[in-house]
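To start, the structure itself, in structure tokens.
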Amino acid sequence: MAAHHSDRRTQREPDTIRGVEYAQRLAEAEHGLQSDAYGVTGKLTLGIAILWSLFQLSIASWLIVDTIYIRAIHLAFAIILVYLNIPTFKFEPNWRPDLRFFLAMHRVTILDYILGIFAALSALYIFLDYEGIALRSGMPTIRDLIFGLMLVILLLEATRRVIGPALPIIALFFISYGFLGPYMPDVIAFKGVSLNRFIGQMTMSSEGIYGIPLDVSATIVFLFVLFGTMLEKAGAGNFFIRLALCLLGGFKGGPAKAAILGSGLTGMVSGSSIANIVTTGTFTIPLMKKVGYPATKAGAIEVAASTDGQLAPPIMGAAAFIIAEYVNVPYIEVVKAAAVPAFASYAALLFISHIEASKLGLRGIPRKELPPLIPTLMSGLHYMLPLGMLLYELIALRHSPEMAAFRAIMVLMLIMLVQHPIKAKMNGERIRPALVQGLKDIFISLSDGARNMAGVAMATAAAGIIVGIVALGLGGLITSIIDQLSGGNIWLMLFITAGASLLIGMGLPTTATYIVMASLTAPAIVELGMMQGFMVPLMAAHLFCFYFGILADDTPPVGLAAYAAAAIAEAPPIKTGIQGFMYDIRTAILPFMFIFNHDLILHNVNSWPQGLLIFAMACVGNFAFASATQGWFIAKNKTWEIPLLLAVTLFCMRPDLIASWIGIPHDMRYWVYPIGLLIWGLIWLIQRPRAKRAELSNAAAA
């Protein structure tokens, strides 16, 4: 990819170059690792990162280790990588010059080495003295308290370095609340915790830092992040974009459709909206601008496509695996529940790109300028093998996610090893250098995969502190407070949850946002639903928190995904974020729909025809909603047509509600669908003459 970027830079204006470089720095900042690859620290980091990847691959295959040991070693690797990569401050201190040896920007210092060593030791303490800790459970010694406090403090500092101050501040708030609870006003008073109980819960048990989020990070998420990193290093990201361009580039607004498809394919395996934008956006955004999309809309389409990649099965970013653990269902059940909303959302985004192209009178790229389909497909067909292996293992064989990911990685490693020698043989070049290049790509991707995981590991470990405090008894109080704030109204409760998720998600990674919000609000949503006489599946409540955590990535004024895309598009970031959020409104309504209409998450739906019908109607409902919010169906909407489009949305996505209104039994609710389709068809017939006139006018103008 570096060579690809280098080739393209010669064709760009200086401002564009700076925009791409800024977006790349944002992607690096998301993971936070920025060591000097040529210095001693860089070489040490490279070795540690490769060892970490090899350890994770070992425990997924032949090495049997107790789960608490795995979590401790995983955290130790991650935390020392952070301290060896990110300096104490992100600015150059101009005060106290005598301390610059310890505090510097762009390089780590002796202080960072010392902190990293102590942080790793404190993370490994439960591993080094596990039997003793188990014997004195609930009665920590002075040594336990020292190492426990050291771990909490250094973990929060590492988290601040890698993902910013928001999560540590929230964690500190919960810690303070835990200790000061007895002194709070009666309404929010909490019995409080002692230092012994706090340290015992956080650092000496599996209900705090070493809890479920870190366990999922250590056993499953690492392998999928490594798989995505290796797939990108092998060249699959570029292949996905070229293939999407071949398939969709010739249609109206083709580059935007290609960007959506390519970003969706890449986002399914990368799990990071910013990394997705930097990978695909540097190619797709200029193409969209070339065919006539304004810079803001080109950036916003890439933002919406890259952000929603985390919603799409089978991988769905890191949070999907944590959902499976929290809801206590097989991972494949999470994939099943997420499938209809995610793919309907992507179908609607493709429709929005078509609407924008129609508004602007755009055409596709001439076929002669597109890469040929068959040669392009054949050039990257081998990238489908590891993806096919992954899906086969997950869906057909129903193997565990870690086993499926491990076997897919093994197939991918073989491809990375042999693809360069095969190309060299076909071109008549020497095979040995090509084989060396394949080995080098494998080890670099092992290192990059570990680096990319450091931020996720810090987020899950730090979020474990919040989960641990909630488990100490704060959860019931929070549920009660939320219930009082919502006044027992489920809709108000959902809006509070959505708003809080967007607010918290502005400063936190998706995974951390989901963990925090799911711990606080998912049980309250289920309980409040029961109080009002209807069932909210726990899966629906968790997916609700997940969706709005993801949508925070492009929510102004902080959404980093919008900043990354705006930098490449040379557009105002706030304006790009607002436009991206307007595109994502069609995603924002889905959680409100599946909370009440459980068909959308295929709850108790086990028939393929029934599932496909629900998916098709969800697409139509999303199309109608997109038309209503974008002001265009096949022609510009008239004001009175907007309520009709919203009615189509309701008929297609809440047939249960309409059925109850008109007195149809619940098991006959699908008979509501034809009414919605009839209204949709009627609007199409009404707008058709206007669309014809617009086409003739555009043709005459051309």
Side-chain angles (χ1 to χ4, degrees), residues 1 27-33 45 48-60 70-71 73-75 77-79 81-82 85 162-163 213-234 236-237 265-279 306 309-310 312-325 331 386-387 390 394 400-410 412-413 416 441-461 463 509-512 514-515 550 553:
M1 288 300 294
E28 291 170 2
E30 186 186 31
H31 303 300
L33 303 188
T45 296
I48 292 172
I50 291 173
L51 281 175
W52 188 13
S53 289
L54 293 176
F55 168 74
Q56 297 288 163
L57 291 171
S58 297
I59 62 173
I70 292 173
R71 299 177 198 183
I73 295 170
H74 178 81
L75 180 57
F77 270 119
I79 205 166
L81 275 180
V82 171
N85 278 270
V162 76
I163 61 175
L214 187 63
D215 178 63
V216 175
S217 173
T219 55
I220 303 175
V221 176
F222 188 101
L223 295 175
F224 279 87
V225 170
L226 179 60
F227 177 70
T229 303
M230 295 183 77
L231 204 58
E232 175 59 32
K233 184 66 178 176
L265 290 171
T266 306
M268 284 193 299
V269 293
S270 75
S272 165
S273 54
I274 296 176
N276 198 356
I277 287 168
V278 174
T279 302
S306 296
Q310 296 174 79
I315 297 176
M316 298 171 59
F321 305 104
I322 302 175
I323 292 174
E325 293 294 324
Y331 168 69
L387 285 171
L390 181 68
L394 284 173
S400 65
E402 50 265 51
M403 181 183 292
F406 173 77
R407 291 184 175 177
I409 288 171
M410 292 299 103
L412 185 52
M413 278 187 177
M416 294 177 72
D441 285 349
I442 290 173
F443 280 102
I444 290 174
S445 59
L446 288 174
S447 172
D448 289 347
R451 290 166 181 262
N452 291 345
M453 262 305 296
V456 178
M458 291 299 97
T460 53
T510 302
T511 306
Y514 160 71
I515 293 170
I550 287 172
D553 273 357

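Here the structure is a predicted model, which is why all the values come from computation and not from measurement. By convention here, the first residue in the shown sequence is residue 1.
Nearest approach of Val82 to Ala454, heavy atoms of both residues: CG2-CB, 4.0 Å. The minimum heavy-atom distance linking Pro401 with Ile220 is given by the pair CB-CG2, 3.8 Å. Shown here for Ile163 and Gly455, the closest heavy-atom pair between the two residues is CG2-O, 4.3 Å. Between Ser445 and Leu226, the shortest heavy-atom distance links the atoms O-CD1, 3.6 Å. Of all non-hydrogen atoms in Ala49 and Ala450, the two that sit nearest each other are O-CB, 3.3 Å. Considering every non-hydrogen atom in both Val225 and Gly449, the closest pair reads CG1-O, 3.9 Å.
To the nearest 0.5 Å, the span separating CG on Asp441 from CE on Met416 amounts to 5.0 Å. Ser447 contributes atom OG, which lies 14.0 Å from atom CD1 of Ile442 (distance to the nearest 0.5 angstrom). Rounded to the nearest 0.5 angstrom, Met458 CE and Leu214 CG are separated by 8.0 Å. For the atom pair Ile73 CD1 and Gln56 CD, the distance stands at 9.0 Å (nearest 0.5 Å). How far CD1 of Ile70 is from CZ of Phe222: 13.0 Å, rounded to the nearest 0.5 Å. Atoms CG and CZ, from Leu446 and Arg451 in turn, are 12.0 Å apart once rounded to the nearest 0.5 Å.
By the 4.5 Å heavy-atom criterion applied to side chains, Lys233 and Ile444 are counted as neighbours. At a threshold of 4.5 Å between non-hydrogen side-chain atoms, the residues Ile48 and Leu81 count as touching. Side-chain atoms of Met410 and Phe406, non-hydrogen and from C-beta on, do get closer than 4.5 Å to each other. Looking only at side-chain heavy atoms (C-beta outward), Thr219 and Glu325 stay at 4.5 Å or farther from each other.
Ring geometry for Phe77 versus Trp52: interplanar angle under 30°, hence parallel rather than tilted (30 to 60°).
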_side chain to side chain contact (heavy atoms under 4.5 Å, CB included) between Glu232 and Thr229, worked out_ = CA-CA 5 Å; Glu232 175 59 32; Thr229 303; 5.9 Å; no

*asked:* Working note: Asn85 + Val162, criterion side chain to side chain contact (heavy atoms under 4.5 Å, CB included); need CA distance, chi angles, decisive distance, verdict.
replied: CA-CA 9 Å; Asn85 278 270; Val162 76; over 6 Å; no

*side chain to side chain contact (heavy atoms under 4.5 Å, CB included) between Leu57 and Met413: does it pass, once the steps are laid out?*
CA-CA 12 Å; Leu57 291 171; Met413 278 187 177; 3.8 Å; yes

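Checking side-chain atoms of Ser217 against main-chain N and O of Pro213 turns up no donor-acceptor pair under 3.5 Å.
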